[in-house]
2 protein chains.
Amino acid sequence: MAKSFERLKGELARSYPALSPQLQRIASYALEHPQDMALDTVATLARGAGVQPSAMVRFAQALGYEGFSDLQRVFRGRLVERSNHAPGLHNYRERVAAFQADQARSGPQGVLAQFVADGMAALERLPGQVSAADLAAAVRILAGARTIYTLGHRRSFTVAYYLAYGLTQLDLNAQLLDSMAGMLRDKAELIGPKDALVVMSFKNYTQEVIEVAQTCHARKVPVIAMTDNALSPLARHARVCFQIEEKASKFFGQLAAPVCFAQALVVAVGEQIEK
Amino acid sequence: MAKSFERLKGELARSYPALSPQLQRIASYALEHPQDMALDTVATLARGAGVQPSAMVRFAQALGYEGFSDLQRVFRGRLVERSNHAPGLHNYRERVAAFQADQARSGPQGVLAQFVADGMAALERLPGQVSAADLAAAVRILAGARTIYTLGHRRSFTVAYYLAYGLTQLDLNAQLLDSMAGMLRDKAELIGPKDALVVMSFKNYTQEVIEVAQTCHARKVPVIAMTDNALSPLARHARVCFQIEEKASKFFGQLAAPVCFAQALVVAVGEQIEK
DNA sequence: ACCTTTTAAGAATAAATGTTCCATCGGCGG
DNA sequence: CCGCCGATGGAACATTTATTCTTAAAAGGT
């Protein structure tokens, strides 16, 4: 399935000389315009290749496919395959697949293997998900803030805590906003425009956290949000919003990517204030 | 044209609250399955999102597109865009060049790239660092414990918190040991042999944490340790000890691997108690 | 040059897809 | 309680799309 486009290419190269002139023409067109082959209709492609639609169908059938649609599936598969690899620097997918096969599928080991695979996939996508402009803006805000407040509940508290910890290590004035003794809203009211608020929430979103982001944003506090989705209620209440996909294949939200991002953010701020 | 998917995302985020519940549902489905949106038919997508085909068309029109096909073009555009950016699968040199360019990139983006690379390397090593026997033993201890206490300071608090959180989600009785009000030692004395203590510390090791592990271990409390090194002072005071290398090439300790491990541990325990 | 076999074209067809329309449901205000 | 309005479901519709079929053309062999 993954390599079925490669297989098609090989198949094509082998049987090419035996094809009729018109089918050869289609063959080269297909290999030269794989994207069109994936998305366009028979009629469009036929026009592009200078043949009749029926010829496209015959072409597919000559290669052993049931029809054109069947053949097109191969090209579409290639497209999503490449798209999945897009932002990554390395191509870890094969390695992950290979190593998953080695691992026991079930039991604690299998769970660990699954989490590692998901985590690596999430990390691979991470750099493509944060824009340079957003990152720079966030660093600037944090480096210049009087006090940095971090806020996150439940799962996200993990990240919120780390951010506060890491920023404190840089001798920045960072405060972890907790809801201890029900004082969250009162504490949040003390945040001003010269401070900064880093707030994170993944679904299911915590209402309380969102409200704090909302009121602070309305009060012109620079709010930096980390969430999972452009539709997150957090996105609307932030000056800078990072969307970090945490979708896991099987289990609930991965934290590897958010944690890694938080660490990078801390270090980036550290480099900024050194200048 | 190139950024039209990004524009769509922004547009969507802005108008999301004004949409009807069903259209919101479609919106999240669309952003979570952009590939399907690009390739599948309305009927298939509608089934996937749990709505009627007509709703898909209404969705497209609500966003200002003429119809579904018009909207789908945006998703298709994104797909070919990303595919074009993909490192040539056959051209290895391109890939290396791209990778080096990213490495060389300085500033916040470079920091992020470095962390991602380190994190992936750490995750890759992770499964080889935990033995099946240790993992099974830890799962058994946790699944059978009366109360699970987790303890970690400074950086490790991140992981300790998550463990307590995750185990609590399983309806287990998990307590995060904090040193609030200087009560850590007093709280630790309440831990008994039927409980379990998960303690983690990476260097520089926190003396206080190690002492707690030591006294608990001496009192026959099952202690599970996460640390970085076989020589760690924690290793001597634990019944089960996981050594998770957190060495980073350039910056201080990576947390991606420990966090990922903690998540896997939680899920593994969850699977165990289901039986 | 004639017949046979292969090849292409173009219309015809049947399936599928996107779109529209209308009836129904549910909430809200009068 | 009634009527209004937007939202939803579902079927009907028209269009598009892949595929097939028939016919014409070309090529190749004797």
Side-chain angles (χ1 to χ4, degrees), chain A residues 4-5 8 12 14-30 33-80 231, chain B residues 4-5 8 11-12 14-30 33-80:
Chain A
S4 95
F5 177 75
L8 167 62
L12 210 46
R14 202 159 43 73
S15 58
Y16 185 81
L19 263 44
S20 86
Q22 197 179 44
L23 295 194
Q24 289 187 1
R25 192 164 172 191
I26 297 177
S28 23
Y29 183 85
H33 306 268
Q35 318 219 27
D36 297 339
M37 285 294 290
L39 296 178
D40 287 353
T41 71
V42 199
T44 312
L45 289 168
R47 207 164 341 113
V51 299
Q52 290 289 330
S54 46
M56 295 300 279
V57 177
R58 283 202 307 270
F59 174 70
Q61 289 170 341
L63 292 172
Y65 297 90
E66 197 175 314
F68 174 78
S69 314
D70 206 22
L71 169 69
Q72 194 175 46
R73 227 166 280 139
V74 176
F75 285 87
R76 295 194 164 184
R78 184 194 88 112
L79 207 58
V80 315
L231 302 182
Chain B
S4 99
F5 177 74
L8 168 61
E11 186 75 21
L12 211 45
R14 206 158 40 72
S15 58
Y16 185 76
L19 294 173
S20 87
Q22 198 179 45
L23 296 194
Q24 289 186 1
R25 192 162 169 191
I26 296 177
S28 6
Y29 183 86
H33 304 93
Q35 319 221 36
D36 297 339
M37 285 294 289
L39 297 178
D40 287 353
T41 70
V42 259
T44 312
L45 290 168
R47 204 161 346 109
V51 299
Q52 290 289 329
S54 46
M56 289 301 239
V57 176
R58 281 199 293 267
F59 173 69
Q61 289 170 340
L63 292 173
Y65 297 90
E66 196 174 316
F68 174 78
S69 314
D70 206 20
L71 169 69
Q72 195 175 46
R73 230 166 277 139
V74 175
F75 285 86
R76 295 195 163 182
R78 182 192 92 111
L79 208 57
V80 315

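Numbered from 1 within each chain, the chains take letters A, B, ... in sequence-line order.
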The test is side-chain contact (heavy atoms from CB on, under 4.5 Å); show your working for A:Met56 and A:Gln72 and say whether it passes. CA-CA 11 Å; A:Met56 295 300 279; A:Gln72 194 175 46; over 6 Å; no
When rounded to whole Å, the CG to C1' distance for the pair A:Leu23 and C:dT7 reads 9 Å
Residues A:Phe75 and A:Pro34: closest non-hydrogen pair is CD2-O, 3.5 Å
Evaluation steps, side-chain contact (heavy atoms from CB on, under 4.5 Å), between A:Val51 and A:Tyr29 = CA-CA 11 Å; A:Val51 299; A:Tyr29 183 85; over 6 Å; no
Nearest heavy-atom approach of A:Pro53 to A:Val42 is O-CG1, 3.6 Å
Check your understanding: For A:Leu8 and A:Leu71, what are the C-alpha separation, side-chain angles and deciding distance, and is it a side-chain contact (heavy atoms from CB on, under 4.5 Å)?
Key -> CA-CA 9 Å; A:Leu8 167 62; A:Leu71 169 69; 4.0 Å; yes
Rounded to whole Å, CD1 of B:Ile26 lies from P of D:dA7 at a distance of 13 Å
Residues A:Arg76 and B:Leu39: closest non-hydrogen pair is NH1-O, 3.2 Å
Just to be sure I understand the rule, does B:Glu66 reach a base, reach only the sugar-phosphate, or reach nothing, if contact means heavy atoms closer than 4.0 Å? nothing
In whole angstroms, the gap separating P of C:dG10 from CD of A:Gln22 amounts to 11 Å
Here the pair of heavy atoms bringing A:Gln22 nearest to A:Ala55 is OE1-CB, 3.7 Å
Residues in residues 68-76 of chain B with a heavy atom under 4.0 Å of DNA chain D, by number, are none
- Would you sort out whether B:Leu12 and B:Phe59 count as a side-chain contact (heavy atoms from CB on, under 4.5 Å), showing the intermediate values? CA-CA 11 Å; B:Leu12 211 45; B:Phe59 173 69; 4.1 Å; yes
Atom CD of A:Gln61 and atom P of D:dA18 are separated, to the nearest Å, by 13 Å
Whole-Å distance, A:Asp40 CG to D:dT17 P, equals 10 Å
Rounded to whole Å, the CG-C1' distance (A:Leu45 to D:dT16) equals 15 Å
With the side chain defined as heavy atoms from C-beta on, A:Ser20 is closest, among C:dT7, C:dT20, D:dT19, to C:dT7
B:Ala27 and A:Leu231 have their tightest heavy-atom pair at C-CD1, 3.5 Å
With B for base contact, S for sugar-phosphate-only contact and - for none (protein heavy atoms under 4.0 Å), nucleotides 10-15 of chain D reads B-----
Separation of D:dA7 atom P from B:Gln24 atom CD, nearest Å, is 11 Å
Original post:
Checking all strands, does B:Ala55 fall into the base, sugar-phosphate, or nothing category for heavy-atom contacts under 4.0 angstrom?
Top reply: nothing
note: B:Tyr65, atom OH; C:dG18, atom C1'; distance rounded to Å ~ 17 Å
